[in-house]
Amino acid sequence: MSQSNGLISFLRHYGPIPAGDNMYDELIQAEIERHEINPVIHISPARLEEVKNNFESSKPRNVILTGTAGDGKTFHCRQIWTDFGGDPDHWNTGKKVVSLTLPVSSKTLIIVKDLSELTEDEKRNVLKGLASSVTDESAGNIYLVAANDGQLLASWRDWSDSQGEQEHHVFKTVEDMLVEERIEDDSLNLYLFNLSRLDASSHFHEIIEQIVEHPQWSNCDGCNLLGEDGSTTCPIRLNRERLRKSGDGTVFRKRLGELMTLARANRMHVPIRDLLLLSVNILLGDRQSGRILLTCRSAKNRAEKQDYRLTNPYANVFGMNLPERQRQQYQVFNILEAFGIGRETDNKFDNLLIYGPYSSSEAYTQFVSNDIHYGAAAYKRYLQDYLEGARDDIEEFMQALSRQRQRLFFSLPSTSPLDPWRLTVYQASGQFLEFVQGLKDDGDTSRTEELLVRGLNRTFCGMMIDEGTKLYLASSGGDGRGRIASLLNYDLPTSRHRRDPYLSFVLDKDGATPCMQIVDPAADGDGIIDTLTLQLTHFEYLVRVASGSLPASFSRQCNEDFLDFKLRLITRLDGLIGEEPTRDEINLEALTVDNEGRVHPENIRIRLDS
């Protein structure tokens, strides 16, 4: 018999539905009760324990939870409310500000659910009380405020501008804390937690696991799309299997997690709400016009017609089941689309997909035709038409080919001779992930470091230098931005040195990106002269330049970033170790590069007439 699973109906509320129910914590709570979801899909609140411990102390601090929409600010507030005895029904009445008495300190905790929801007068009253409380530990009121980054700063700035110097100083301190990513400041009785600085990849794996292993999948038992041996023709169940920790699901989830890690390394933040939306869309996405998400009934219809091309989970990752305008409204789809997976071409992959069926290719059998739902069967008809010269449906063929590239990216095992990262804009992503892991584990990263230094040298000097164990800082006699910079200012070793400044690669404080440091071992403190964080785009740029691309061909902005770093570094080294010029002579060192990419410095002395 055919039946409906309440879990599917509930999950739809997390997806990209026009009603936007997934936007509000209160509405989701109502759906949990209506569908009797047990256990609830629950993400461990990132800062809940710290916030809770703070309010349990005898001297609690004020807390501001900031971040973008969907980071879980309201969820944290609701949990604190209920954990300290607040009535859940009172929370759901829709009041914007609620309060209760803290048991240990006896202070009144005022919880602002969302600063942006308040009127201008309400904001002024809240900010007046908050500013007073953060500067006076003896204040009777203590605050927990949820606010988006921009809204917090804009509202506080506007209020402080109409107040005195002290209030403006408090605002500037909070602004500095947010910009510098500091949780606390000695001058304020405040904790500032930015939930946007958290690692989306760990949350994503947690969300996927809770969804695909939820016990209420047992409600599918007895459905005529589910065989007694566990086999199924239901596209929802098929997509679920693709995400489980077995078979293809292992690779699929691994690549999804890596994309989240890479997005973070490129300063692209994915809120928890969008992670939920993405997970549900992978499972339930439906390309049938006007549908967007599967129901149990529409899933049965797709199974009966074997129309699995409409429910492709690999295309659903990028929101391809949505109209373009609607897809662009969701941050997660814009972030994933930026990787270009499906649009980027590669000869090896395209030869496999187009000519593989006619060349007795083992790789085609293993990676394409063996997938009976989303592999060859989903695009073979378009391929035959294309090869036979029927070009009327060329656009459909190109879309089908794009979906196959996407499927290969998410299903190729790590042992495959084909590199899935060749199907992305950032083709050095695999190397980037290995480099970051090597820095974490103190592994051998020397080969990648040499590659990066080679890219730096070619960018700094504008010449095809193959040197990767020494960094050359050169200028062209002007401001250092000339295409060819052959006048050497400094050369720095890339291994730790006892006396002279050297280049070092370390992991940035976010734990996701590598960082270049110029270190002076003779200086006091950490001796860091300057640093530059290598975002994914910067890393890709250096690898491409080291491999032969022209410095500005991949990204002019990256080229400018590195030139700025070079000039800044030369200035600082001049002040640190630069030699004073003599009155009668100028010493210069010119760089030439031979056919094998080796650097040859040549001393040039210019005498000055007295």
Side-chain angles (χ1 to χ4, degrees), residues 13-17 20-28 41 43-48 50-51 63-80 96 111-118 123 126 144-157 174-183 191-204 206-207 256-257 259-281 319 326-339 509-513 533 535-536:
H13 288 278
Y14 279 129
I17 52 179
D21 288 354
N22 56 6
M23 296 295 286
Y24 303 102
D25 179 74
E26 293 84 353
L27 291 174
I28 289 296
I41 296 170
I43 305 305
S44 301
R47 296 291 188 179
L48 182 60
E50 292 170 85
V51 176
V63 175
I64 296 176
L65 299 172
T66 187
T68 56
D71 278 326
K73 301 184 296 296
T74 305
F75 183 85
H76 279 72
C77 291
R78 178 167 54 80
Q79 286 295 113
I80 291 296
K96 304 170 188 176
I111 302 178
V112 181
K113 297 180 181 180
D114 188 344
L115 189 68
S116 64
E117 293 290 318
L118 304 183
K123 287 179 186 176
V126 165
L144 170 59
V145 178
N148 292 345
D149 310 27
Q151 182 68 231
L152 174 70
L153 292 180
S155 299
W156 207 323
R157 181 188 297 109
V174 172
E175 183 181 42
D176 290 343
M177 289 172 66
L178 189 60
V179 171
E180 297 167 10
E181 300 181 17
R182 288 188 288 118
I183 293 175
Y191 288 126
L192 176 61
F193 295 121
N194 189 344
L195 303 185
S196 293
R197 296 294 180 261
L198 304 174
D199 185 2
S201 61
S202 60
H203 286 312
F204 183 67
E206 188 178 353
I207 289 169
L256 285 167
L259 288 178
M260 297 302 156
T261 299
L262 292 168
R264 185 182 181 212
N266 226 19
R267 298 294 187 267
M268 297 184 288
H269 173 63
V270 185
I272 289 177
R273 182 186 297 154
D274 277 25
L275 296 178
L276 280 162
L277 181 146
L278 174 63
S279 305
V280 169
N281 201 65
Q326 186 177 347
R327 183 168 64 247
Q328 292 173 350
Q329 296 173 8
Y330 298 102
Q331 188 172 344
V332 66
F333 294 137
N334 290 325
I335 288 173
L336 292 173
E337 173 64 19
F339 286 93
K509 58 185 176 182
D510 64 3
T513 47
T533 299
Q535 298 178 25
L536 177 60

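Numbers here simply count residues along the sequence, with the first being 1. Just so it is clear, the structure is predicted and the values come from calculations on it, not from any experiment.
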Distance (rounded to the nearest 0.5 Å) between [X] [atom1] and [Y] [atom2]:
| X | Y | atom1 | atom2 | value |
| --- | --- | --- | --- | --- |
| I80 | R78 | CD1 | CZ | 11.5 Å |
| Q331 | H269 | CD | NE2 | 7.0 Å |
| F75 | I272 | CZ | CD1 | 8.5 Å |
| L65 | L115 | CG | CG | 12.0 Å |
| N194 | M177 | CG | CE | 11.0 Å |
| L276 | I207 | CG | CD1 | 4.0 Å |

Side-chain donor/acceptor of [X] to backbone N/O of [Y], under 3.5 Å:
| X | Y | answer |
| --- | --- | --- |
| D114 | S116 | yes |
| K123 | S155 | no |
| T513 | Q535 | no |
| K113 | K73 | no |
| Q151 | E117 | no |
| E50 | F193 | no |

Does this structure show an ion pair linking D71 with R47, if we count only N-O contacts that are shorter than 4.0 Å?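 Result for this pair is no, no salt bridge flagged.
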Hey, does [Y] have a side-chain heavy atom less than 4.5 Å from the side chain of [X]?
| X | Y | answer |
| --- | --- | --- |
| F339 | L536 | yes |
| T66 | V145 | no |
| F204 | V332 | no |
| H76 | L195 | yes |

Please walk me through it: do R182 and D176 pass side-chain contact (heavy atoms from CB on, under 4.5 Å)? CA-CA 8 Å; R182 288 188 288 118; D176 290 343; 3.9 Å; yes
Which residues pass the side-chain hydrogen bond (donor to acceptor under 3.5 Å, both in side chains) test with H203, not counting sequence neighbours?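 For H203 there are no side-chain hydrogen bond (donor to acceptor under 3.5 Å, both in side chains) partners, ignoring immediate neighbours.
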Check side-chain hydrogen bond (donor to acceptor under 3.5 Å, both in side chains) between Q328 and all other residues, then give those that pass, not counting sequence neighbours.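 With neighbours one apart ignored, the set is E324.
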Measure across [X] and [Y] and return the closest heavy-atom pair with its distance rounded to 0.1 Å.
| X | Y | result |
| --- | --- | --- |
| N281 | G319 | ND2-CA, 3.9 Å |
| S196 | G67 | OG-CA, 3.2 Å |
| R264 | A512 | NH1-CB, 3.8 Å |

Under the side-chain contact (heavy atoms from CB on, under 4.5 Å) rule, what do R267 and D510 come out as? Steps first, then yes or no, please. CA-CA 10 Å; R267 298 294 187 267; D510 64 3; 3.3 Å; yes
Starting from the C-alpha separation in whole Å, work towards a yes-or-no answer on side-chain contact (heavy atoms from CB on, under 4.5 Å) for D274 and I335. CA-CA 11 Å; D274 277 25; I335 288 173; over 6 Å; no
Geometric class of the Y330/F333 ring pair [parallel <30°, tilted 30-60°, perpendicular >60°]: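 Perpendicular: the ring planes of F333 and Y330 meet at over 60°.
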Using the rule side chain to side chain contact (heavy atoms under 4.5 Å, CB included), only one of V63, I111, V51 pairs with C77; which is it?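 The option that passes is I111.
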